[in-house]
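So that the names make sense, note that chain A is the first sequence line, chain B the second, and so on, each numbered from 1.
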There are 2 protein chains.
Amino acid sequence: MSNSNRYTVIMRDPLPQLPGYSLRRAAHATAAELGARLATLGLRQVDASVLILIAENADVTASALGRQLDIQRANMVPLLKKLDDEGLIERQPLDGKSQALLLTAAGRERMEAALGIIHEFEDELLARIPARHRDHLLPALNALWR
Amino acid sequence: MSNSNRYTVIMRDPLPQLPGYSLRRAAHATAAELGARLATLGLRQVDASVLILIAENADVTASALGRQLDIQRANMVPLLKKLDDEGLIERQPLDGKSQALLLTAAGRERMEAALGIIHEFEDELLARIPARHRDHLLPALNALWR
DNA sequence: TCCAGATAGCTATTGCCCATAACAATACCG
DNA sequence: CGGTATTGTTATGGGCAATAGCTATCTGGA
C-alpha cells in the first residue's frame with residue numbers, strides 16, 4: 001500500500017524544525033486523542049484536571065482553582081456547575097462569600113477512572129518517544145511555562 | 001516583594017508531572033507569547049505558517065496546504081481570503097477547479113518579517129531550557145505527532 | 001470516448017472555548 | 001471603621017475549528 005498518491009504531494013515544510021510549531025502540533029494532536037478517551041467518561045481534559053486538583057486539595061475555592069489552572073473566575077462557573085449537576089462535586093460555604101469544593105463519592109470514582117485513562121495515555125505518549133529523548137521531555141516542557 | 005500572599009496558596013498539584021498536561025500548558029503559554037508578537041504584523045500563527053509554506057512551495061493549492069497543516073478545506077477559505085484582501089498572496093487558476101497560490105512582493109516581505117519574529121522567539125524558547133535537555137525537545141515533540 | 005467516483009473551492013452553520021466587563025456581597029487590613 | 005481587594009456570578013462577544021452540503025471539475029478505468 002503506497003503512502004502517496006497524486007494528492008499527497010511531498011512538500012517542502014520547514015515548520016516541523018521549529019520547536020514552537022511542533023509544540024503546537026503535538027499539543028493539538030495529543031489533546032485530541034486524550035480528549036476522545038476522556039469523553040467516554042463524559043469529561044473534558046479541564047474537567048479531569050479540576051477533579052484531580054480538588055481531590056488533592058480538599059476545600060479549595062473556585063478562585064484558587066482558577067488561579068492554579070489559569071482559568072478565569074468567570075469561566076469556572078459553568079465548569080463547576082456541570083460537575084455539580086452531575087453530582088461529582090459539592091460546595092460548602094467557607095464564609096460569607098467563599099465556598100469549599102470537595103468531591104462526592106461519585107466524583108472520586110469518576111476522578112479515579114479519569115486518572116487511569118490519563119496515566120495509560122501518558123505511558124503511551126512516552127513510549128512513542130525514542131528512549132534517549134524520553135526523560136528530557138517533561139523538564140524541557142516545564143521550563144517553557146512554569 | 002513577597003511572591004505569596006494569602007491568596008496565592010501553595011497547592012498540591014500533580015498535573016505538571018504529566019507530560020500531556022505540561023504539553024498543553026506549554027503550548028498555550030508559548031502560543032500566547034508568539035501570537036502577541038505576530039499580531040504586530042497583523043498576522044496570526046496560522047497565517048504565518050501559510051505564508052511560509054507558500055514561499056517554500058510556489059503554486060501549491062489551498063487543498064494541499066490544508067492537508068499539510070491539518071486545516072479543513074472549509075476553514076482555508078476565510079484564511080486565504082484575509083491574506084488575499086491584504087494583498088499578501090495571489091491566486092492563479094491551474095485548471096478549471098484548482099488555483100495556484102503564490103506570494104506577492106508584499107507577502108514575501110511580510111513573510112520574512114514574520115520569520116524574523118519566529119526565529120527570534122524560537123531562540124528564546126530554547127534558551128529557557130536547561131542545556132542538557134535542550135536538544136531533546138524537538139525530536140521528542142515530533143515523535144508525538146508526525 | 002464516456003461515465004462513475006474523487007477532488008477543489010466554497011457557503012452556511014454550529015458549538016466550544018476563552019476573554020472582558022460589570023455587579024453585589026463580603027472579607028481584609030491599616 | 002473605611003477604603004480596598006476578593007469572591008462568585010451574569011452577560012456578552014470574538015475566534016477558531018468541525019460538519020454538512022453544494023456545484024463544478026478532474027481523473028482513470030471500462
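A sub-4.0 Å separation between OP1 or OP2 of D:dG8 and a side-chain N or O of A:S63 is present. Here B:Q72 does not reach the OP1 or OP2 of D:dA17: none of its side-chain N or O atoms lies under 4.0 Å away.
Side-chain contact between B:K82 and B:R44 is present, with heavy atoms from C-beta onward closer than 4.5 Å. At least one side-chain heavy atom of B:L137 sits under 4.5 Å from a side-chain heavy atom of A:L141. By the 4.5 Å heavy-atom criterion applied to side chains, B:Q99 and B:Q92 are not counted as neighbours. Side-chain contact between B:L18 and A:I118: present, with at least one pair of heavy atoms (C-beta onward) separated by less than 4.5 Å.
The stretch residues 24-44 of chain B has no heavy atom under 4.0 angstrom from DNA chain C at all. Contacts between residues 75-94 of chain B and DNA chain D, defined by a heavy-atom separation under 4.0 Å, are made by B:N75. Heavy-atom distances under 4.0 Å link DNA chain D to no residue of residues 45-57 of chain B.
Take B:R73 and apply the salt bridge (Lys or Arg N to Asp or Glu O under 4.0 Å) test, not counting sequence neighbours, and it matches no residue. In terms of the salt bridge (Lys or Arg N to Asp or Glu O under 4.0 Å) criterion, residue partners of B:E33 (sequence neighbours excluded) are, by chain and number, B:R128. Considering only residues two or more places apart in sequence or on other chains, B:D84 meets the salt bridge (Lys or Arg N to Asp or Glu O under 4.0 Å) condition with B:R91. Residues satisfying the side chain to side chain contact (heavy atoms under 4.5 Å, CB included) test with B:H136, not counting sequence neighbours, are A:H133, A:H136. Not a single salt bridge (Lys or Arg N to Asp or Glu O under 4.0 Å) links B:R108 to another residue, sequence neighbours left out.
The distance between atom CZ of B:R67 and atom C1' of D:dA17, rounded to the nearest whole Å, is 19 Å.
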Using the 3.5 Å cut-off, write out each protein N or O paired with an N or O of nucleotides 23-26 of chain C and the distance between them.
from   : atom 1 : to    : atom 2 : distance (Å)
C:dT26 : O2     : A:K97 : NZ     : 3.4

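For the side chain to side chain contact (heavy atoms under 4.5 Å, CB included) test with A:L101, the passing option among A:L80, A:L83, A:V50 is A:L80; the others fail.
Residues B:E86 and B:K81 are not paired through a salt bridge, judged by the lack of any N-O separation under 4.0 Å between the basic side chain and the carboxylate. For the pair B:D70 and A:R25, the salt-bridge criterion is met [side-chain N within less than 4.0 Å of a carboxylate O].
Distance from the side chain of B:A74 is smallest for C:dC10 among the nucleotides C:dG9, D:dT7, C:dC10.
Counting only residues at least two apart or on different chains, the side-chain hydrogen bond (donor to acceptor under 3.5 Å, both in side chains) pairs with a member in residues 49-65 of chain A are A:E56-B:R12. Applying the ring pair (Phe, Tyr, Trp, His ring centres under 6.0 Å) test to pairs two or more places apart or on separate chains, none has a residue in residues 43-79 of chain A.
Computed from C1' positions of five pairs at each end, the angle between the two local axes of the helix from C:dT1-D:dA30 to C:dG30-D:dC1 equals 40°, rounded to 10 degrees.
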